[in-house]
There are 2 protein chains.
Amino acid sequence: MKRTKKERQQLLQETISENPFITDEELAEKFQVSIQTIRLDRLELSIPELRERIKNVAAKQFEENVKSLSLEEVVGEIIDIETDRYAISIFDVKEEHVFARNAIARGHHLFAQANSLAVAVIDAEVVLTAKASIQYVRPVRLGERVVAKAKVNEISAARTIVEVISSVGNETVFMGTFNMHRSM
Amino acid sequence: MKRTKKERQQLLQETISENPFITDEELAEKFQVSIQTIRLDRLELSIPELRERIKNVAAKQFEENVKSLSLEEVVGEIIDIETDRYAISIFDVKEEHVFARNAIARGHHLFAQANSLAVAVIDAEVVLTAKASIQYVRPVRLGERVVAKAKVNEISAARTIVEVISSVGNETVFMGTFNMHRSM
(Lines give C-alpha, C1' and ligand atoms only; values in the text may rest on other atoms or scores of the structure.)
Protein backbone atom coordinates (compact mmCIF):
# COMPACT_ATOMS: atom_id res chain seq x y z
CA MET A 1 0.00 0.00 0.00
CA LYS A 2 1.55 3.23 -1.12
CA ARG A 3 1.20 6.10 1.35
CA THR A 4 0.22 9.57 0.27
CA LYS A 5 2.86 12.26 0.61
CA LYS A 6 0.95 13.70 3.52
CA GLU A 7 0.87 10.37 5.36
CA ARG A 8 4.55 9.80 4.69
CA GLN A 9 5.51 13.24 5.94
CA GLN A 10 3.46 12.78 9.10
CA LEU A 11 5.11 9.41 9.80
CA LEU A 12 8.52 10.88 8.97
CA GLN A 13 8.05 13.60 11.55
CA GLU A 14 7.02 11.08 14.22
CA THR A 15 9.90 8.77 13.39
CA ILE A 16 12.52 11.53 13.64
CA SER A 17 11.11 12.91 16.86
CA GLU A 18 11.32 9.42 18.39
CA ASN A 19 14.81 8.79 17.04
CA PRO A 20 16.60 12.02 16.11
CA PHE A 21 19.74 10.06 15.15
CA ILE A 22 18.14 8.17 12.25
CA THR A 23 19.91 8.85 8.93
CA ASP A 24 18.32 9.89 5.64
CA GLU A 25 19.41 6.50 4.24
CA GLU A 26 17.57 4.63 6.98
CA LEU A 27 14.48 6.78 6.48
CA ALA A 28 14.52 6.15 2.72
CA GLU A 29 14.73 2.41 3.39
CA LYS A 30 11.95 2.56 5.95
CA PHE A 31 9.53 4.46 3.71
CA GLN A 32 10.64 2.79 0.46
CA VAL A 33 11.40 6.10 -1.23
CA SER A 34 14.60 7.69 -2.54
CA ILE A 35 16.98 9.62 -0.30
CA GLN A 36 16.23 12.68 -2.42
CA THR A 37 12.54 12.38 -1.48
CA ILE A 38 13.45 12.22 2.22
CA ARG A 39 15.58 15.34 1.84
CA LEU A 40 12.73 17.19 0.15
CA ASP A 41 10.33 16.03 2.86
CA ARG A 42 12.70 17.31 5.54
CA LEU A 43 13.02 20.62 3.72
CA GLU A 44 9.26 21.03 3.48
CA LEU A 45 8.83 20.08 7.14
CA SER A 46 11.80 22.25 8.22
CA ILE A 47 13.51 19.29 9.88
CA PRO A 48 17.27 19.89 9.97
CA GLU A 49 19.77 17.33 8.66
CA LEU A 50 21.18 14.65 10.96
CA ARG A 51 24.34 16.58 11.88
CA GLU A 52 22.24 19.56 12.97
CA ARG A 53 19.81 17.35 14.87
CA ILE A 54 22.70 15.76 16.75
CA LYS A 55 24.01 19.21 17.62
CA ASN A 56 20.60 20.31 18.85
CA VAL A 57 20.15 17.24 21.02
CA ALA A 58 23.67 17.57 22.41
CA ALA A 59 23.18 21.28 23.10
CA LYS A 60 20.00 20.45 25.01
CA GLN A 61 21.73 17.65 26.99
CA PHE A 62 24.54 20.10 27.64
CA GLU A 63 22.30 22.90 28.89
CA GLU A 64 20.43 20.54 31.16
CA ASN A 65 23.40 18.71 32.61
CA VAL A 66 26.71 20.48 32.41
CA LYS A 67 27.44 22.77 35.32
CA SER A 68 31.14 23.49 35.06
CA LEU A 69 31.25 25.50 31.86
CA SER A 70 29.10 26.89 29.08
CA LEU A 71 28.76 25.33 25.65
CA GLU A 72 30.82 28.11 24.04
CA GLU A 73 33.70 27.31 26.40
CA VAL A 74 34.11 23.82 25.01
CA VAL A 75 36.84 23.45 22.41
CA GLY A 76 35.28 21.39 19.63
CA GLU A 77 31.61 20.53 19.26
CA ILE A 78 29.96 18.22 21.78
CA ILE A 79 27.84 15.61 20.02
CA ASP A 80 26.90 13.43 22.98
CA ILE A 81 27.23 13.70 26.72
CA GLU A 82 26.05 11.90 29.82
CA THR A 83 27.60 13.55 32.84
CA ASP A 84 29.86 11.47 35.07
CA ARG A 85 29.84 8.75 32.40
CA TYR A 86 31.04 9.80 28.94
CA ALA A 87 31.16 12.61 26.39
CA ILE A 88 32.06 12.86 22.72
CA SER A 89 33.16 15.90 20.74
CA ILE A 90 34.40 16.60 17.25
CA PHE A 91 37.03 19.12 16.25
CA ASP A 92 37.78 20.07 12.66
CA VAL A 93 41.41 21.07 12.12
CA LYS A 94 41.50 24.40 10.30
CA GLU A 95 44.22 26.81 9.12
CA GLU A 96 44.39 28.57 12.48
CA HIS A 97 45.14 25.32 14.33
CA VAL A 98 48.21 24.19 12.42
CA PHE A 99 51.87 25.12 12.27
CA ALA A 100 52.44 27.37 9.25
CA ARG A 101 55.55 25.38 8.33
CA ASN A 102 54.07 21.89 7.97
CA ALA A 103 50.26 22.07 8.33
CA ILE A 104 50.38 19.76 11.37
CA ALA A 105 47.90 20.56 14.14
CA ARG A 106 49.49 22.21 17.15
CA GLY A 107 49.49 20.00 20.20
CA HIS A 108 47.65 22.39 22.46
CA HIS A 109 44.50 22.31 20.34
CA LEU A 110 44.17 18.53 20.73
CA PHE A 111 44.90 19.00 24.40
CA ALA A 112 42.25 21.74 24.66
CA GLN A 113 39.60 19.56 23.00
CA ALA A 114 40.33 16.66 25.35
CA ASN A 115 40.72 18.80 28.45
CA SER A 116 37.51 20.77 27.95
CA LEU A 117 35.64 17.52 27.35
CA ALA A 118 37.09 16.16 30.62
CA VAL A 119 35.81 19.27 32.40
CA ALA A 120 32.36 19.16 30.77
CA VAL A 121 31.73 15.50 31.54
CA ILE A 122 32.07 15.98 35.28
CA ASP A 123 28.90 16.71 37.18
CA ALA A 124 30.05 19.55 39.45
CA GLU A 125 29.95 23.33 39.56
CA VAL A 126 33.70 23.77 39.78
CA VAL A 127 35.98 21.39 37.94
CA LEU A 128 39.73 21.90 37.65
CA THR A 129 42.46 19.80 36.14
CA ALA A 130 44.96 18.58 38.73
CA LYS A 131 47.23 16.43 36.58
CA ALA A 132 47.28 15.04 33.10
CA SER A 133 49.35 12.54 31.27
CA ILE A 134 49.01 12.70 27.52
CA GLN A 135 50.37 11.08 24.43
CA TYR A 136 50.37 12.24 20.82
CA VAL A 137 50.14 9.06 18.80
CA ARG A 138 50.37 10.46 15.29
CA PRO A 139 50.37 13.97 13.82
CA VAL A 140 46.99 15.39 12.85
CA ARG A 141 46.80 17.41 9.67
CA LEU A 142 44.86 20.34 8.29
CA GLY A 143 41.35 19.28 7.23
CA GLU A 144 41.15 16.20 9.45
CA ARG A 145 38.26 15.67 11.86
CA VAL A 146 39.22 14.63 15.36
CA VAL A 147 36.64 12.73 17.41
CA ALA A 148 37.41 12.76 21.14
CA LYS A 149 35.74 10.30 23.51
CA ALA A 150 35.94 10.95 27.22
CA LYS A 151 35.15 8.22 29.70
CA VAL A 152 34.84 8.73 33.44
CA ASN A 153 36.80 5.94 35.05
CA GLU A 154 36.91 6.57 38.74
CA ILE A 155 35.01 8.82 41.04
CA SER A 156 36.13 9.48 44.57
CA ALA A 157 35.22 12.25 47.00
CA ALA A 158 37.19 14.98 45.33
CA ARG A 159 39.04 13.37 42.44
CA THR A 160 37.86 11.96 39.16
CA ILE A 161 39.90 10.20 36.50
CA VAL A 162 38.79 10.88 32.93
CA GLU A 163 40.31 8.95 30.04
CA VAL A 164 40.15 10.65 26.66
CA ILE A 165 40.94 8.96 23.36
CA SER A 166 40.92 11.05 20.19
CA SER A 167 40.80 9.52 16.73
CA VAL A 168 40.76 10.45 13.08
CA GLY A 169 38.73 7.80 11.31
CA ASN A 170 39.83 4.53 12.89
CA GLU A 171 43.23 5.78 13.95
CA THR A 172 43.98 6.90 17.47
CA VAL A 173 45.85 10.22 17.35
CA PHE A 174 45.87 11.32 20.99
CA MET A 175 45.34 9.74 24.41
CA GLY A 176 45.07 11.48 27.73
CA THR A 177 44.43 10.63 31.34
CA PHE A 178 43.06 13.59 33.25
CA ASN A 179 43.01 13.71 37.00
CA MET A 180 40.28 16.21 37.86
CA HIS A 181 39.33 18.08 41.03
CA ARG A 182 35.66 18.65 41.59
CA SER A 183 33.86 20.68 44.18
CA MET A 184 30.18 20.11 44.74
CA MET B 1 82.09 66.04 39.01
CA LYS B 2 78.66 66.66 37.62
CA ARG B 3 78.21 65.62 34.00
CA THR B 4 76.45 67.79 31.48
CA LYS B 5 73.17 66.47 30.16
CA LYS B 6 74.80 65.74 26.84
CA GLU B 7 77.59 63.72 28.49
CA ARG B 8 75.09 61.82 30.60
CA GLN B 9 72.90 60.98 27.64
CA GLN B 10 75.86 59.74 25.65
CA LEU B 11 76.98 57.51 28.53
CA LEU B 12 73.40 56.33 29.07
CA GLN B 13 73.17 55.24 25.46
CA GLU B 14 76.45 53.31 25.70
CA THR B 15 75.47 51.70 28.97
CA ILE B 16 72.12 50.48 27.64
CA SER B 17 73.58 49.16 24.42
CA GLU B 18 76.12 47.15 26.46
CA ASN B 19 73.52 45.92 28.90
CA PRO B 20 69.98 46.19 27.51
CA PHE B 21 68.54 44.60 30.66
CA ILE B 22 69.60 47.39 33.03
CA THR B 23 66.63 48.96 34.83
CA ASP B 24 65.80 52.65 35.10
CA GLU B 25 66.46 52.35 38.84
CA GLU B 26 69.94 51.01 38.24
CA LEU B 27 70.64 53.73 35.69
CA ALA B 28 69.47 56.44 38.10
CA GLU B 29 71.78 55.04 40.76
CA LYS B 30 74.68 54.82 38.34
CA PHE B 31 74.33 58.39 37.11
CA GLN B 32 73.24 59.84 40.45
CA VAL B 33 70.07 61.34 39.03
CA SER B 34 66.37 60.73 39.59
CA ILE B 35 64.47 57.94 37.83
CA GLN B 36 62.35 60.66 36.22
CA THR B 37 65.49 62.15 34.66
CA ILE B 38 66.44 58.74 33.24
CA ARG B 39 62.97 58.36 31.76
CA LEU B 40 63.17 61.78 30.14
CA ASP B 41 66.63 60.94 28.81
CA ARG B 42 65.31 57.74 27.28
CA LEU B 43 62.39 59.59 25.73
CA GLU B 44 64.69 62.17 24.18
CA LEU B 45 67.04 59.46 22.91
CA SER B 46 64.11 57.26 21.76
CA ILE B 47 65.34 54.34 23.85
CA PRO B 48 62.39 52.09 24.71
CA GLU B 49 61.64 51.03 28.27
CA LEU B 50 63.16 47.87 29.73
CA ARG B 51 60.19 45.63 28.93
CA GLU B 52 60.30 46.69 25.28
CA ARG B 53 64.09 46.29 25.13
CA ILE B 54 63.78 42.75 26.49
CA LYS B 55 61.15 41.99 23.86
CA ASN B 56 63.35 43.37 21.11
CA VAL B 57 66.38 41.38 22.21
CA ALA B 58 64.27 38.22 22.57
CA ALA B 59 62.65 38.73 19.19
CA LYS B 60 66.10 39.04 17.64
CA GLN B 61 67.35 35.91 19.44
CA PHE B 62 64.19 34.19 18.30
CA GLU B 63 64.52 35.17 14.65
CA GLU B 64 68.15 34.09 14.61
CA ASN B 65 67.75 30.80 16.41
CA VAL B 66 64.30 29.28 16.42
CA LYS B 67 63.53 27.06 13.48
CA SER B 68 60.43 25.15 14.50
CA LEU B 69 57.88 27.94 14.63
CA SER B 70 57.44 31.66 14.13
CA LEU B 71 57.30 34.20 16.94
CA GLU B 72 53.55 34.73 16.41
CA GLU B 73 52.97 31.02 16.95
CA VAL B 74 54.26 31.14 20.50
CA VAL B 75 51.58 31.40 23.17
CA GLY B 76 52.84 34.06 25.55
CA GLU B 77 55.74 36.39 24.98
CA ILE B 78 59.26 35.01 24.83
CA ILE B 79 61.64 37.11 26.90
CA ASP B 80 64.78 34.99 26.71
CA ILE B 81 65.85 31.98 24.74
CA GLU B 82 68.97 29.95 24.10
CA THR B 83 68.05 27.01 21.88
CA ASP B 84 68.63 23.51 23.22
CA ARG B 85 69.24 25.02 26.66
CA TYR B 86 66.44 27.15 28.07
CA ALA B 87 63.65 29.61 27.26
CA ILE B 88 61.45 31.93 29.28
CA SER B 89 58.07 33.40 28.39
CA ILE B 90 55.42 35.46 30.10
CA PHE B 91 51.68 35.14 29.70
CA ASP B 92 49.18 37.64 31.07
CA VAL B 93 45.86 36.04 32.01
CA LYS B 94 43.06 38.07 30.41
CA GLU B 95 39.25 37.81 30.20
CA GLU B 96 39.38 35.47 27.21
CA HIS B 97 41.55 32.95 29.07
CA VAL B 98 39.36 32.32 32.11
CA PHE B 99 36.20 30.40 32.89
CA ALA B 100 33.27 32.81 32.91
CA ARG B 101 31.97 31.24 36.11
CA ASN B 102 34.96 31.71 38.40
CA ALA B 103 37.64 33.79 36.60
CA ILE B 104 40.13 30.92 36.87
CA ALA B 105 42.46 30.46 33.90
CA ARG B 106 41.52 27.51 31.71
CA GLY B 107 44.06 24.72 31.86
CA HIS B 108 44.76 24.57 28.16
CA HIS B 109 46.17 28.10 28.08
CA LEU B 110 48.84 27.26 30.65
CA PHE B 111 49.47 24.08 28.71
CA ALA B 112 49.76 26.04 25.44
CA GLN B 113 52.25 28.48 26.93
CA ALA B 114 54.43 25.65 28.25
CA ASN B 115 54.08 23.47 25.18
CA SER B 116 54.89 26.18 22.65
CA LEU B 117 57.93 27.13 24.73
CA ALA B 118 59.03 23.48 24.69
CA VAL B 119 58.72 23.50 20.89
CA ALA B 120 60.54 26.83 20.46
CA VAL B 121 63.50 25.89 22.65
CA ILE B 122 64.42 22.90 20.50
CA ASP B 123 66.92 23.53 17.75
CA ALA B 124 65.27 21.65 14.86
CA GLU B 125 63.09 22.38 11.85
CA VAL B 126 60.32 20.02 12.86
CA VAL B 127 59.45 19.57 16.52
CA LEU B 128 56.44 17.62 17.73
CA THR B 129 55.24 16.70 21.18
CA ALA B 130 55.27 12.94 21.78
CA LYS B 131 54.16 12.79 25.41
CA ALA B 132 53.61 15.14 28.26
CA SER B 133 53.00 14.80 31.92
CA ILE B 134 51.68 17.93 33.58
CA GLN B 135 50.52 19.15 36.91
CA TYR B 136 48.39 22.15 37.86
CA VAL B 137 49.70 23.21 41.25
CA ARG B 138 47.34 26.05 42.04
CA PRO B 139 44.63 27.88 40.07
CA VAL B 140 45.72 30.97 38.18
CA ARG B 141 43.40 33.92 38.15
CA LEU B 142 42.42 36.74 35.85
CA GLY B 143 45.08 39.47 35.84
CA GLU B 144 47.95 37.27 36.99
CA ARG B 145 51.20 37.07 35.04
CA VAL B 146 52.55 33.59 34.46
CA VAL B 147 56.28 33.21 33.88
CA ALA B 148 57.19 29.88 32.26
CA LYS B 149 60.76 28.58 32.30
CA ALA B 150 61.67 25.74 29.99
CA LYS B 151 64.86 23.77 30.51
CA VAL B 152 66.19 21.17 28.08
CA ASN B 153 67.17 18.19 30.17
CA GLU B 154 68.15 15.42 27.88
CA ILE B 155 69.00 15.26 24.22
CA SER B 156 69.20 12.01 22.37
CA ALA B 157 69.09 11.24 18.65
CA ALA B 158 65.39 11.87 18.16
CA ARG B 159 63.97 12.64 21.59
CA THR B 160 64.38 15.61 23.87
CA ILE B 161 62.99 16.05 27.37
CA VAL B 162 61.96 19.60 28.24
CA GLU B 163 60.96 20.52 31.79
CA VAL B 164 58.73 23.56 32.14
CA ILE B 165 57.91 25.26 35.42
CA SER B 166 55.43 28.14 35.41
CA SER B 167 55.09 30.55 38.29
CA VAL B 168 53.13 33.57 39.42
CA GLY B 169 55.45 35.65 41.56
CA ASN B 170 57.31 33.11 43.71
CA GLU B 171 54.60 30.47 43.54
CA THR B 172 54.77 27.54 41.17
CA VAL B 173 51.42 27.17 39.41
CA PHE B 174 52.16 24.57 36.74
CA MET B 175 54.81 21.94 36.00
CA GLY B 176 55.22 19.91 32.87
CA THR B 177 57.61 17.35 31.44
CA PHE B 178 57.48 17.30 27.65
CA ASN B 179 58.92 14.48 25.63
CA MET B 180 59.61 15.98 22.22
CA HIS B 181 60.37 14.50 18.80
CA ARG B 182 62.77 16.41 16.65
CA SER B 183 63.77 15.90 13.07
CA MET B 184 66.97 17.52 11.87
Looking only at heavy atoms and a cut-off of under 4.5 Å, which of G107(B), A132(B), A100(B) has the most pairs with chain A? A132(B)

Checking A130(A) against chain B: side chain, backbone, both or neither under 4.5 Å from a heavy atom? backbone

Show the pairs of one donor and one acceptor atom, one from chain B and one from chain A, lying under 3.5 Å apart.
residue	atom	partner	partner atom	Å
K67(B)	O	R101(A)	NH1	2.3
L69(B)	O	R101(A)	NH2	3.2
E73(B)	O	R106(A)	NH1	2.5
E73(B)	O	R106(A)	NH2	2.6
E73(B)	OE2	A100(A)	N	2.8
A100(B)	N	E73(A)	OE2	2.8
R101(B)	NH1	K67(A)	O	2.3
R101(B)	NH2	L69(A)	O	3.2
R106(B)	NH1	E73(A)	O	2.5
R106(B)	NH2	E73(A)	O	2.6
A130(B)	O	Y136(A)	N	2.7
A132(B)	N	I134(A)	O	3.0
A132(B)	O	I134(A)	N	2.8
I134(B)	N	A132(A)	O	2.8
I134(B)	O	A132(A)	N	3.0
Y136(B)	N	A130(A)	O	2.7

Who else is in the cluster with L45(A) when I, L, V, M, F, W and Y are joined by side-chain contacts under 4.5 Å? L11(A), L12(A), I16(A), I22(A), L27(A), F31(A), V33(A), I38(A), I47(A)

Under 4.5 Å side-chain heavy-atom separation, chaining through any Ile, Leu, Val, Met, Phe, Trp or Tyr, what else clusters with V137(A)? Say none if it is isolated. I165(A), M175(A)

Clusters formed by hydrophobic residues whose side-chain heavy atoms approach within less than 4.5 Å: which one holds I161(B), and what are its other members? none

Option that, when pairs with chain A are counted at under 4.5 Å, heavy atom only, ranks first among L69(B), V119(B), V75(B): L69(B)

When the 4.5 angstrom heavy-atom criterion is applied to L128(B) and chain A, the contacting part is side chain

Can you tell me how far apart CG (L110(A)) and CZ (F111(B)) are? Round to the nearest 0.5 Å. 9.0 Å

